Chemist: 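Have a look at this one before I ask anything.
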Amino acid sequence: MENDQSIHQIVLAVPETIVEIKKCPSMGSVFLKAFLISPFRSNTIKDDVIVKKTRIILKNYLPDKELIKNYRIVCGFSKDRPEIIPISYLQTIFTGLLGKFITSPFFPISPLGLIHIFQSFEQKRPVSTDEILDLACTLDSIKKTGKGIETGFTLEVRSQGKLVWQGISVFFTRSPVKKKKTVEKKEETFLEKKETILVPAGTGRKYANVSGDYNPHHLYTVLARLFGFKRAIAHGMWSLARVVASLDKKFGIHDSAFVEASFKLPIFMPATTCLGYECQNDTENQQAIVNFELRDKQKGLPHLKGRLLKTISR
């Protein structure tokens, strides 16, 4: 996430409110509710407003093995160890919980117009497809910046009471503010290209089928144009998952690992992209650090930038 000198942190009141739900919400009902309530919510927020810190919990969740199998295919993961859930898949099971959250009274701004700008996840140990999981989604931060509002959610997966996976999702909402003069950008250093990744036209629909994220601008160009895009755009989480799948084949992300990435420019489908990365070993902390980026092959424009931290095997 980029630094902004005019950041104002909104106070989250504690103790937190805990809401337990019995099943994952239907995304159809989430989208319908989002459209219905959005005219009554603002895209900005007052500096002195106090928002209640809230956690939504879903217990006894059993992963769908068929969905995970298809997710592996759509995102390019290896067929090895099919009983282990890919590290990035666990973020997708929060799609419904996040949808439930942003359409609830606990979320103070409009659910429409949210842009996914950052994602991290840390896997403590491999999680199998047979484990019964407890999920928790918490609104942890709201920041007003010079360009809009950033909302941060912490995502937690527990198995038998122990934390096995944790992620942070950050979304951005543009606010009607005065535009400031843009700072001249420094020339970028490109990482060494390692792989060409094709993004076919139907990628958005395929990823929606395995993730539950049916945001219209990912599905068809005619729908994307209603949201101001010239063509349908790939999910940011698909691009991250596809990168992680390649890094998994190269470095092995089966055990404990940490991944973080910032989403940059959208990928208009169809597209041809290039994955670049560099690896260095932090011997003091016994970690391999892999910096990676996904760019447009022809113009070099950035779609994704991030890093992977993985314990070095002794």
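As the structure is a prediction and not an experimental result, all values here were calculated from the model.
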Chemist: Side chains of Thr92 and Asp213: does their closest heavy-atom pair fall under 4.5 Å?
Modeler: no

Chemist: Enter the distance from Gln9:CD to Thr145:OG1 here, rounded to the nearest 0.5 Å.
Modeler: 11.5 Å

Chemist: Please give me the minimum heavy-atom distance between Ala232 and Thr221, naming the atom from each residue.
Modeler: N-OG1, 3.4 Å

Chemist: Between Glu150 and Ile142, does the side chain to side chain contact (heavy atoms under 4.5 Å, CB included) criterion hold? Intermediate values first, please.
Modeler: CA-CA 6 Å; Glu150 291 183 9; Ile142 302 178; over 6 Å; no

Chemist: Drop me the distance from Lys249's NZ to Phe77's CZ, to the nearest 0.5 angstrom.
Modeler: 9.0 Å

Chemist: Would you check if the side chain of Glu131 reaches a backbone N or O of Ser128 as a donor-acceptor pair within less than 3.5 Å?
Modeler: yes

Chemist: Filter on salt bridge (charged side-chain N to carboxylate O under 4.0 Å, His left out), then keep only pairs touching residues 277-294, sequence neighbours left out; what's left?
Modeler: Glu293-Arg295

Chemist: CG/Asp296 to SG/Cys274 distance, rounded to the nearest 0.5 angstrom?
Modeler: 8.5 Å

Chemist: Please check this pair: side chain of Lys310 against backbone of Asp255, looking for a donor-acceptor N/O pair closer than 3.5 Å.
Modeler: no

Chemist: Applying salt bridge (charged side-chain N to carboxylate O under 4.0 Å, His left out), which residue pairs with at least one partner in residues 23-47 are found, sequence neighbours left out?
Modeler: Asp47-Lys144

Chemist: Can you get from Ile117 to Ile102 by hopping between Ile, Leu, Val, Met, Phe, Trp and Tyr side chains that sit under 4.5 Å apart?
Modeler: no

Chemist: Give me the atom names and distance for the closest heavy-atom approach of Ala261 to Phe118.
Modeler: O-CD1, 3.3 Å

Chemist: Under 4.5 Å between side-chain heavy atoms, hopping through other hydrophobics if needed: is there a path connecting Ile84 to Leu133?
Modeler: no

Chemist: Check the pair Lys264 / Lys305 against side chain to side chain contact (heavy atoms under 4.5 Å, CB included), numbers first and verdict last.
Modeler: CA-CA 7 Å; Lys264 302 296 184 180; Lys305 291 187 177 184; 4.2 Å; yes

Chemist: Could you check if a side-chain atom of Phe94 sits within less than 4.5 angstrom of a side-chain atom of Val157, using non-hydrogen atoms only?
Modeler: yes

Chemist: Does the distance from a Lys or Arg side-chain N to an Asp or Glu carboxylate O, for Arg55 and Glu156, drop under 4.0 Å?
Modeler: yes

Chemist: Which pair of non-hydrogen atoms, one from Leu155 and one from Gln91, has the smallest distance, and what is that distance?
Modeler: CD1-CG, 4.4 Å

Chemist: Write down the atom of Asn60, the atom of Ile132, and the distance for their closest heavy-atom approach.
Modeler: CA-CG2, 3.4 Å

Chemist: Is the backbone N or O of Glu66 less than 3.5 Å from a side-chain atom of Asp64, with the two atoms forming a donor-acceptor pair by type?
Modeler: yes

Chemist: What heavy-atom pair brings Val164 and Ser159 nearest, and what distance separates the two atoms?
Modeler: CG1-CB, 4.0 Å

Chemist: Quick one: are Ile57 and Leu135 in side-chain contact, heavy atoms under 4.5 Å?
Modeler: no

Chemist: In terms of ring plane angle, is the pair Phe121 and Trp165 parallel, tilted or perpendicular, where the classes change at 30° and 60°?
Modeler: parallel

Chemist: Might you confirm whether atom NZ of Lys250 has over 12 heavy atoms from other residues, nucleotides or ligands at distances under 6.0 Å?
Modeler: no

Chemist: Within a reach of under 6.0 Å around NZ of Lys206, are more than 12 heavy atoms found that belong to other residues, nucleotides or ligands?
Modeler: no

Chemist: State the CD1-CG distance between Ile87 and Leu247, to the nearest 0.5 angstrom.
Modeler: 10.5 Å

Chemist: Who pairs with Ser78 by side chain to side chain donor-acceptor pair (under 3.5 Å), at least two apart in sequence or on another chain?
Modeler: Asp80

Chemist: Could you check whether any side-chain heavy atom of Val11 comes within less than 4.5 Å of a side-chain heavy atom of Val51, counting everything from C-beta outward?
Modeler: no

Chemist: Say whether Ile233 and Leu114 are linked into one hydrophobic cluster, either directly or through other cluster members, by side-chain heavy-atom distances under 4.5 angstrom.
Modeler: no

Chemist: In terms of the angle between their ring planes, are Tyr207 and Tyr71 parallel, tilted or perpendicular, with boundaries placed at 30° and 60°?
Modeler: tilted

Chemist: Quick one: list whatever passes side chain to side chain donor-acceptor pair (under 3.5 Å) with Asp140, sequence neighbours left out.
Modeler: Lys53, Thr154

Chemist: With hydrophobic residues grouped by side-chain heavy-atom distances under 4.5 Å, do Ile85 and Tyr61 end up in a single group?
Modeler: yes

Chemist: Could you check if a side-chain atom of Thr151 sits within less than 4.5 angstrom of a side-chain atom of Ser141, using non-hydrogen atoms only?
Modeler: no

Chemist: Could you tell me the separation between the CG atom of Leu36 and the CZ atom of Phe31, rounded to the nearest 0.5 Å?
Modeler: 13.5 Å

Chemist: Hydrophobic cluster membership, with links at side-chain heavy-atom distances under 4.5 Å among I/L/V/M/F/W/Y: are Phe172 and Ile45 in one?
Modeler: no

Chemist: Check whether Thr203 reaches the backbone of Val199 with its side chain - one donor and one acceptor, N or O, closer than 3.5 Å.
Modeler: no

Chemist: Where is the tightest heavy-atom contact between Thr44 and Ile109, given as atom of each residue plus distance?
Modeler: O-CG2, 3.7 Å

Chemist: If a pair satisfies side-chain hydrogen bond (donor to acceptor under 3.5 Å, both in side chains) and one of its residues is in residues 94-119, list it, with sequence neighbours excluded.
Modeler: His116-Gln119, Gln119-Ser169

Chemist: Could you give all pairs that pass the side-chain hydrogen bond (donor to acceptor under 3.5 Å, both in side chains) test and reach residues 222-248, with sequence neighbours left out?
Modeler: Glu195-Arg242, Glu195-Ser246, Arg242-Ser246

Chemist: Check whether any side-chain heavy atom of Glu16 lies under 4.5 Å from a side-chain heavy atom of Leu139, and answer yes or no.
Modeler: no

Chemist: Quick check: do Phe153 and Val170 have side-chain heavy atoms less than 4.5 Å from each other?
Modeler: no

Chemist: Should Val210 and Ile68 count as side-chain neighbours, where that means a heavy-atom distance under 4.5 Å?
Modeler: no

Chemist: Working note: His218 + Asn215, criterion side chain to side chain contact (heavy atoms under 4.5 Å, CB included); need CA distance, chi angles, decisive distance, verdict.
Modeler: CA-CA 6 Å; His218 296 307; Asn215 268 309; 3.6 Å; yes

Chemist: Can Lys59 and Glu20 be said to form a side chain to side chain contact (heavy atoms under 4.5 Å, CB included), step by step?
Modeler: CA-CA 8 Å; Lys59 293 184 177 180; Glu20 186 172 342; 3.6 Å; yes

Chemist: To the nearest 0.5 Å, how far apart are CD1 in Ile197 and CD1 in Ile267?
Modeler: 8.5 Å

Chemist: Quick check: Phe251 with Tyr277 (ring centres under 6.0 Å apart)?
Modeler: yes

